[in-house]
**Student:** 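Dropping a structure here in structure tokens format, bear with me for questions.
Values below: every heavy atom of this structure, side chains too, minus hydrogens, waters and symmetry copies. Residue numbers count from 1 along this sequence.
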Amino acid sequence: MTDQTTAAATGPTARLSPVDSAADALFVYGTLRFRRILTALLGRVPAGTPATAPGWRTAALARRPYPGLVPAPGQTASGLLLSGLSPQEWRVLDDFEDDEYELVPLPVDSGTRKPPGTAWAYIWAAPGDVRPENWDADTFAERQLDQYAARLEEAAAPRQGRGELRA
């Protein structure tokens with residue numbers, strides 16, 4: 001394979017190839033938990049159910065305002081299970097995620113699935129950027145959400161006016 005072929009095969013669109021957009025859910029644990037961020041990206045807030053991912057933590061990342069989901073035996077990451085995403089919305093969210101994320105199936109517990117089920121999640125794959133402390137959603141909301149969301153809203157406004165929702 002050429003370098004271009006390799007890049008195309010491992011890029012954002014390739015990450016979505018195993019996803020069944022009509023049936024699968026996405027576990028979100030960071031900035032995508034916020035209604036304003038989802039609205040800026042998708043133009044709506046999809047159905048969301050509180051969920052947890054046992055054995056994982058929402059890690060703070062070096063030089064980034066958003067977190068990464070990393071393995072952490074004995075810990076549990078909290079988030080939301082987003083469902084009812086259209087194929088276009090999956091693409092928008094996938095484009096939004098950095099290349100350092102991998103999209104993987106992950107056991108999650110939403111309290112409504114017995115036994116716990118599986119959802120897709122973007123896990124962080126660049127261990128050198130992981131900080132020892134956990135990312136805190138309340139601190140993000142207080143200190144960075146308005147500025148972060150305003151940048152997304154500004155970038156999305158011209159595209160949404162032309163019928164494009166890409167982030």
Side-chain angles (χ1 to χ4, degrees), residues 9-59 61 64-71 76-125 134-138 140-141 144-146 148-167:
T10 59
T13 305
R15 289 191 297 207
L16 291 176
S17 61
V19 173
D20 177 356
S21 61
D24 290 342
L26 178 64
F27 177 72
V28 296
Y29 51 86
T31 61
L32 292 175
R33 294 168 57 178
F34 292 91
R35 298 177 64 83
R36 188 168 170 197
I37 302 299
L38 289 168
T39 301
L41 293 171
L42 304 177
R44 73 180 188 101
V45 178
T49 305
T52 57
W56 295 83
R57 75 178 180 96
T58 305
L61 300 174
R64 291 175 172 84
Y66 50 83
L69 193 64
V70 298
T76 299
S78 296
L80 293 173
L81 206 53
L82 298 181
S83 58
L85 296 169
S86 72
Q88 172 66 18
E89 290 170 331
W90 276 98
R91 284 190 297 276
V92 168
L93 295 176
D94 192 64
D95 287 346
F96 176 70
E97 298 295 353
D98 283 351
D99 291 339
E100 289 89 354
Y101 287 102
E102 292 178 11
L103 183 62
V104 300
L106 192 72
V108 295
D109 185 359
S110 65
T112 59
R113 296 180 180 188
K114 300 295 182 200
T118 300
W120 291 98
Y122 287 94
I123 64 168
W124 190 253
N134 287 339
W135 182 84
D136 184 72
D138 292 334
F140 173 81
Q144 296 175 298
L145 176 60
D146 285 339
Y148 191 82
R151 281 194 350 251
L152 291 175
E153 291 160 351
E154 183 179 315
R159 287 187 296 278
Q160 288 175 346
R162 294 191 315 258
E164 297 174 18
L165 292 174
R166 295 177 66 91

**Student:** To check you understand the geometry: which heavy-atom pair defines the closest contact between P54 and T76, and what is its length?
**Tutor:**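 It is CA-OG1, 3.8 Å.
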**Student:** Tell me the side-chain hydrogen bond (donor to acceptor under 3.5 Å, both in side chains) pairs involving residues 19-38, sequence neighbours left out?
**Tutor:**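 Output for this query lists D24-W120, R36-D146, R36-E153.
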**Student:** Are side-chain heavy atoms of I123 and L69 found at a separation under 4.5 Å?
**Tutor:**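 Contact flag for I123/L69 side chains = yes.
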**Student:** Restricting to pairs with a member in residues 79-88, which pass salt bridge (charged side-chain N to carboxylate O under 4.0 Å, His left out), not counting sequence neighbours?
**Tutor:**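 Every pair satisfying salt bridge (charged side-chain N to carboxylate O under 4.0 Å, His left out) with a residue in residues 79-88: there are none.
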**Student:** For a 4.5 angstrom cut-off between non-hydrogen side-chain atoms, does S83 reach T49?
**Tutor:**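 No; the side chains remain at least 4.5 Å from each other.
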**Student:** Mind listing the closest non-hydrogen atom pair of G48 and L80 along with its distance?
**Tutor:**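 Answer, listing the atom of G48 first, then L80: C-CD2, 4.5 Å.
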**Student:** Would you give the length of the straight line joining atom CZ of R151 to atom CD1 of I37, rounded to the nearest 0.5 angstrom?
**Tutor:**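 Between atom CZ of R151 and atom CD1 of I37 there are 9.0 Å.
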**Student:** Relative to each other, are the rings of F96 and Y148 parallel, tilted or perpendicular (30° and 60° limits)?
**Tutor:**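 Perpendicular: the ring planes of F96 and Y148 meet at over 60°.
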**Student:** Quick one: ring-ring contact (aromatic ring centres under 6.0 Å, His included) partners of F34, sequence neighbours excluded?
**Tutor:**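 For F34 the ring-ring contact (aromatic ring centres under 6.0 Å, His included) partners, ignoring immediate neighbours, are F140.
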**Student:** So, for D99 and R15, which heavy atoms are closest and what is the spacing to 0.1 Å?
**Tutor:**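 Looking at all heavy atoms of both residues, the closest pair is CA-NH1, 4.2 Å.
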**Student:** Distance check, rounded to the nearest 0.5 Å: L152 atom CG versus T39 atom OG1?
**Tutor:**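 The OG1 atom of T39 is 11.0 Å from CG of L152, to the nearest 0.5 Å.
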**Student:** Could you pull out all residues at least two apart from S78 that satisfy side chain to side chain contact (heavy atoms under 4.5 Å, CB included)?
**Tutor:**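 Once residues adjacent in sequence are excluded, the partners of S78 under the side chain to side chain contact (heavy atoms under 4.5 Å, CB included) criterion are T52.
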**Student:** Does Y66 reach the side chain of L61, with side-chain heavy atoms less than 4.5 Å apart?
**Tutor:**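 Yes, at least one pair of side-chain atoms sits under 4.5 Å.
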**Student:** List the atom of R44, the atom of G84, and the distance in Å for their closest heavy-atom pair.
**Tutor:**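 Taking every non-hydrogen atom into account, NH2-O, 2.9 Å.
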**Student:** Side-chain contact test, heavy atoms from C-beta onward, threshold under 4.5 Å: evaluate it for V19 versus L26 and give yes or no.
**Tutor:**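 No, their side chains stay 4.5 Å or more apart.
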**Student:** Can you confirm whether Y122 sits close enough to D94 that some side-chain heavy atom of one is under 4.5 Å from a side-chain heavy atom of the other?
**Tutor:**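 Yes, their side chains come closer than 4.5 Å.
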**Student:** For L106 and A121, work out which heavy atoms get closest and say how close.
**Tutor:**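 Closest approach of L106 to A121, heavy atoms only: CD2-CB, 3.6 Å.
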**Student:** Going by heavy atoms in the side chains, are L38 and L82 under 4.5 Å from each other?
**Tutor:**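 A side-chain contact under 4.5 Å exists here.
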**Student:** Going by salt bridge (charged side-chain N to carboxylate O under 4.0 Å, His left out), name the pairs with one or both residues in residues 46-55, residues two or more places apart or in two chains.
**Tutor:**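 Passing the test, one end in residues 46-55: no pairs.
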**Student:** Mind checking the CG-CG spacing from D138 to L145? Nearest 0.5 Å is all I need.
**Tutor:**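 One gets 11.0 Å once the value is rounded to the nearest 0.5 Å.
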**Student:** Using the side chain to side chain contact (heavy atoms under 4.5 Å, CB included) criterion, which residues pair with E100? Sequence neighbours excluded.
**Tutor:**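 Checked E100 against side chain to side chain contact (heavy atoms under 4.5 Å, CB included); matches are R64, D98, W124, A126.
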